[in-house]
Amino acid sequence: MRLTRYFLPVLKENPAEAHIVSHRLMLRAGLVQQQTAGIYAWLPLGFRVLKKIEAIVRDEQERAGSIEILMPTIQSADLWERSGRYQEYGKEMLRIQDRHERDLLYGPTNEEMVTSIFSSAARSYRDLPRNLFHIQWKFRDEVRPRFGVMRGREFLMKDGYSFDIDAESGRRSYRRMFVSYLRTFERMGLRAIPMAAQTGPIGGDLSHEFSILAETGESQIFCHRDLMEMSMPGDDIDYDSDLKPIVERWTKPYARADDEHDPAVFESEVAPNDRLEARGIEVGHVFFFGSKYSEPLEATVSTPEGRSVPLQSGSYGIGVSRLVGAIIEAYHDDAGIIWPESIAPFQVGLVNLGPDKPECVECCESLYAQLNNAGIETLFDDTSENPGVKLSRMELIGLPWQLRIGPRSLKKGVGEIQARRTGENTEVPVDNLVERINTLLGRVSA
RNA sequence: CGGGACAUGGCGCAGCCUGGUAGCGCACCUGCUUUGGGAGCAGGGGGUCGCAGGUUCAAAUCCUGCUGUCCCGACCA
């Protein structure tokens, strides 16, 4: 993409309303634009990031056996009256009426709807287990939206739902999601720690919040330091195998947010040097709730014995739009964002430092064509602005690799590759630049 | 939902206390110069001062109401 034809409205100054770093950087780097409290428009660069995150989530969901669907944002109030949540949900739910004065709502979540969809077709244990997910905009009328997209009212969420014949089978479904979440966040460069959360009516250990550490986190978390180092399940993970050992390994060390924290247990279980106390941002939540919705909605299936039993379900959420903010909280410096390669809007920023020099223009055009041919996502700064403007803008938007071409280096027949993360600058002969970039991208993503 | 603040060109702000018809920096446009870290000179365009009412000869400025936004605390992907 040529910058001269792109839409990248960067801000030189900090918008007054943004107080935390991710919000500031998202506005300054032209990722989003606020429309009203807690509601954002996604500009081209931010939208690319959102799509990258979505793709990783989708890939890991499918790998774990979940099936993608798409449910509407607008729902009828009927289903919610049957589950009892139409009253219960309160003011967080945006209620609407259509022209016939029928009650509708903008979905804050989809347990009722998905249960209805699934149970209308699933008749027996032979149709189980299944896991359906979708990635769709939600609306929760938060009392106090803040922190940019991290606590918006409208937000993009992956919500998945499992359906099983009995509780034991439900636990297996839960473990699949648990393990897939570890992998999902890892692929975005995040260390998300599963923390025991309130379990509601079912009890047991079947609710976990996945949080990443960040100074601006909304809750205080307490955990064993080992969790920061523990190895992740690899690409060869077999979701049909027994995942209990993995889940047990990850849930054994102490890890709780402030609402569940018990100082006495923490201090008895964790040695002083192993105690980690930090702020956390919740990016995912897995929850097994049994027949909480299937019973009121009369979603039943036949057992092998011919009895009729309610479906056993869990729900599994990932805050997709929140992750954009969360990742920036985890990866930035004074100059701007530092995108992990897996979700960077472009892999390479090609910068022409000598826009008035024919040899620089020619070289950049050639490189740009080569990079495109190699399938490397490139943002080409072909503007005629000053070098300082270009370089600081590139740093602000945080592309992992900068490829700088200027009269100074071109005289030596080289271009410069600068790593955004380390600031390391390498001179590479012009003819080898694309190959080198390819190697760098391969090395890091491997 | 309790407490607090703010609202003035695209962005960041001053002006308000003590009423006299709007200004600064950045951005933008034109020209010339400049080009390896947010350029220089000259010229130029753009604002019913959030909305509605009131006081006054006169309101960005004083008064009332409304709306919007942000911050702190209790709740949530």
Side-chain angles (χ1 to χ4, degrees), chain A residues 9-20 23-24 27-28 30 33-39 53 57 89-93 107-110 133 135-160 181 184-185 192 197-198 208-212 218-219 257-259 280-287 315-326 335-336 351-357 360-361 381 383-396 402 404-412 415-416 418 423 425 427:
Chain A
V10 299
L11 305 175
K12 199 164 175 179
E13 286 170 285
N14 281 324
E17 73 274 14
H19 294 264
I20 67 163
H23 191 194
R24 262 200 321 260
L27 294 169
R28 286 197 51 208
Q33 198 180 77
Q34 179 170 331
Q35 295 309 302
T36 182
I39 298 181
I53 294 174
V57 169
Y89 219 93
K91 290 191 168 176
E92 295 235 320
M93 186 152 73
T109 179
N110 285 64
F133 78 98
I135 299 173
Q136 177 64 292
W137 293 92
K138 303 287 186 293
F139 192 92
R140 293 184 192 170
D141 201 356
E142 295 281 344
V143 198
R144 190 184 156 207
R146 64 189 125 163
F147 302 153
V149 300
M150 295 222 288
R151 174 157 302 284
R153 294 193 291 171
E154 187 183 50
F155 56 96
L156 187 62
M157 176 174 163
K158 187 288 293 187
D159 42 325
Y181 274 35
T184 301
F185 298 121
Q198 283 185 349
H208 289 90
E209 291 174 359
F210 288 75
S211 287
I212 65 158
E218 290 192 84
S219 55
D258 40 22
D259 51 343
I281 300 171
E282 186 182 349
V283 290
H285 196 162
V286 292
F287 190 32
S315 69
Y316 314 91
I318 290 179
V320 175
S321 50
R322 169 180 285 186
L323 275 165
V324 180
V351 186
N352 184 355
L353 293 171
D356 60 338
K357 306 278 190 301
C360 291
V361 172
D381 188 342
T383 66
S384 53
E385 286 161 296
N386 284 316
V389 176
K390 294 183 164 189
L391 296 176
S392 58
R393 178 171 51 214
M394 257 323 157
E395 278 156 12
L396 173 64
Q402 265 181 46
R404 301 175 174 181
I405 300 298
R408 211 172 64 188
S409 51
L410 214 49
K411 249 178 226 145
K412 297 189 280 180
E416 294 150 68
Q418 176 146 330
N425 198 302
E427 293 192 339

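Source: prediction; values computed, not measured. Proteins come first, then strands; the chains are lettered A, B, ... in the order of their sequence lines, and each starts at number 1.
Counting non-hydrogen atoms under 4.0 angstrom, A:Glu416 reaches a base of the nucleic acid. Nucleic acid contact class of A:Glu385 (heavy atoms, under 4.0 Å, all strands): base. Nucleic acid contact class of A:Gly354 (heavy atoms, under 4.0 Å, all strands): none. Residue-level contact check: A:Gln33 touches neither bases nor backbone, having no heavy atom under 4.0 Å from any strand. Heavy atoms of A:Pro9 sit nowhere under 4.0 angstrom from any nucleic acid atom. Using a 4.0 Å heavy-atom cutoff across all strands shown, A:Arg28 reaches at least one base atom of the nucleic acid. As judged by a 4.0 angstrom heavy-atom cut-off over every strand, A:Gly325 is placed among residues making no nucleic acid contact. Note on A:Asn14: only backbone sugar-phosphate atoms sit closer than 4.0 angstrom, heavy atoms only; bases stay farther off. At the heavy-atom level, A:Lys91 lies under 4.0 Å from the strands shown only through sugar-phosphate atoms.
Counting to the nearest Å, the C1' atom of B:A39 and the NZ atom of A:Lys390 are 14 Å from each other. In this structure, A:Lys12 places its NZ atom 11 Å from C1' of B:C11, rounding to the nearest Å. One interatomic measurement links the two molecules: CD1 of A:Ile212 to P of B:A77, which rounds to 15 Å at whole-angstrom precision. As rounded to whole Å, 17 Å separates atom P of B:G38 from atom CE of A:Met394. Residue A:Lys411 contributes atom NZ, which lies 10 Å from atom P of B:G36 at whole-angstrom precision. Atom pair A:Met150:CE and B:A77:P shows a separation of 15 Å (rounding to whole Å applied). If you measure from atom CE of A:Met93 to atom P of B:C75, you get 21 Å, rounded to the nearest angstrom. For the pair A:Glu142 CD and B:C1 P, the interatomic distance rounds to 14 Å; values are reported in whole Å.
The C1' atoms of B:G15 and B:A74 are separated by 39 Å, rounded to the nearest whole Å. Taking atom C1' in both B:C66 and B:G25, one finds a spacing of 33 Å when rounded to whole Å. Nucleotides B:U67 and B:G31 have their C1' atoms positioned 46 Å apart, rounded to a whole Å. The gap from the P atom of B:A14 to that of B:U8 amounts to 11 Å, rounded to the nearest Å. Comparing the C1' positions of B:G9 and B:C28 gives an interatomic distance of 11 Å, to the nearest angstrom. When the C1' atom is used for both B:U21 and B:U64, the distance is 24 Å, rounded to whole Å. The P atoms of B:A27 and B:C70 are separated by 27 Å, rounded to the nearest whole Å. Rounded to whole Å, the C1' atom of B:C51 lies 15 Å from the corresponding atom of B:U69.
Among B:C26, B:C70, B:C71, the nucleotide with an atom closest to any side-chain atom of A:Ala37 is B:C70. When the nucleotides B:G38, B:U35, B:G73 are ranked by their closest atom to the side chain of A:Arg144, B:G73 comes out on top. Here the nucleotide nearest the side chain of A:Ser321, chosen from B:A77, B:A27, B:G36, is B:A77. Out of B:A27, B:G68, B:U34, the shortest distance to the side chain of A:Thr36 is found at B:G68. Listed candidates were B:G36, B:G37, B:U69. Nearest to the side chain of A:Leu391 is B:G37. The A:Pro387 side chain lies nearest to B:G36 when the options are B:A77, B:G36, B:U69. Taking the side chain of A:Arg404 as heavy atoms from C-beta on, and the options B:C70, B:U34, B:G36, the nearest nucleotide is B:G36. Of the candidate nucleotides B:C75, B:A77, B:G36, B:G36 has the atom nearest to the side chain of A:Arg408. Closest approach to the A:Asp356 side chain among B:G37, B:U35, B:G73 is made by B:U35 (side chain taken as heavy atoms from C-beta onward). The nucleotide whose nearest atom lies closest to any side-chain atom of A:Ala16 is, among B:G12, B:U69, B:C1, B:G12.
In the interface, the side chain of A:Glu17 is not paired with the base of B:G12 through any donor and acceptor atom under 3.5 Å apart. For A:Ser409 against B:G36, a side-chain N or O and a base N or O form a donor-acceptor pair under 3.5 Å. Side-chain to base pairing of A:Glu13 with B:G25: one donor and one acceptor N or O lie within less than 3.5 Å of each other.
B:U61: no Watson-Crick or G-U partner with both key distances under 3.5 Å is found in any strand. Judged by Watson-Crick or G-U wobble contacts below 3.5 Å, the nucleotide B:G12 has B:C24 as its partner. Pair assignment for B:A5 gives B:U69, based on Watson-Crick or G-U wobble hydrogen-bonding distances that are each under 3.5 Å. Judged by Watson-Crick or G-U wobble contacts below 3.5 Å, the nucleotide B:G19 has no partner. B:C32 is paired with B:G40 under the Watson-Crick or G-U wobble criterion, all donor-acceptor distances under 3.5 Å.
The CD1 atom of A:Ile135 sits 11.0 Å away from the CE atom of A:Met157 when rounded to the nearest 0.5 Å. Note that the CG atom of A:Asn14 and the NE2 atom of A:His23 stand 11.0 Å from one another [nearest 0.5 Å].
RNA chain B is contacted by both A:Pro145 and A:Val283; A:Pro145 maps to the nucleotide lying nearer its 5′ end (nearest heavy atom per residue). Both A:Gly317 and A:Leu11 lie near RNA chain B, and the one whose nearest nucleotide falls closer to the 5' end is A:Leu11.
Shown here for A:Lys158 and A:Val320, the closest heavy-atom pair between the two residues is N-CG2, 3.8 Å.
A:Ile318 places none of its side-chain heavy atoms less than 4.5 Å from the side chain of A:Phe210. A:Leu391 places none of its side-chain heavy atoms less than 4.5 Å from the side chain of A:Gln418. Taking 4.5 Å as the limit, some side-chain heavy atom of A:Lys390 sits within range of a side-chain heavy atom of A:Pro355. Side-chain contact check for A:Tyr181 versus A:His208: every heavy-atom pair is 4.5 Å or farther apart.
Between A:Phe287 and A:His285, the ring planes are tilted. Angles from 30° to 60° get that label.
In this structure a side-chain-to-backbone donor-acceptor pair under 3.5 Å is missing from A:Arg140 to A:Glu92.
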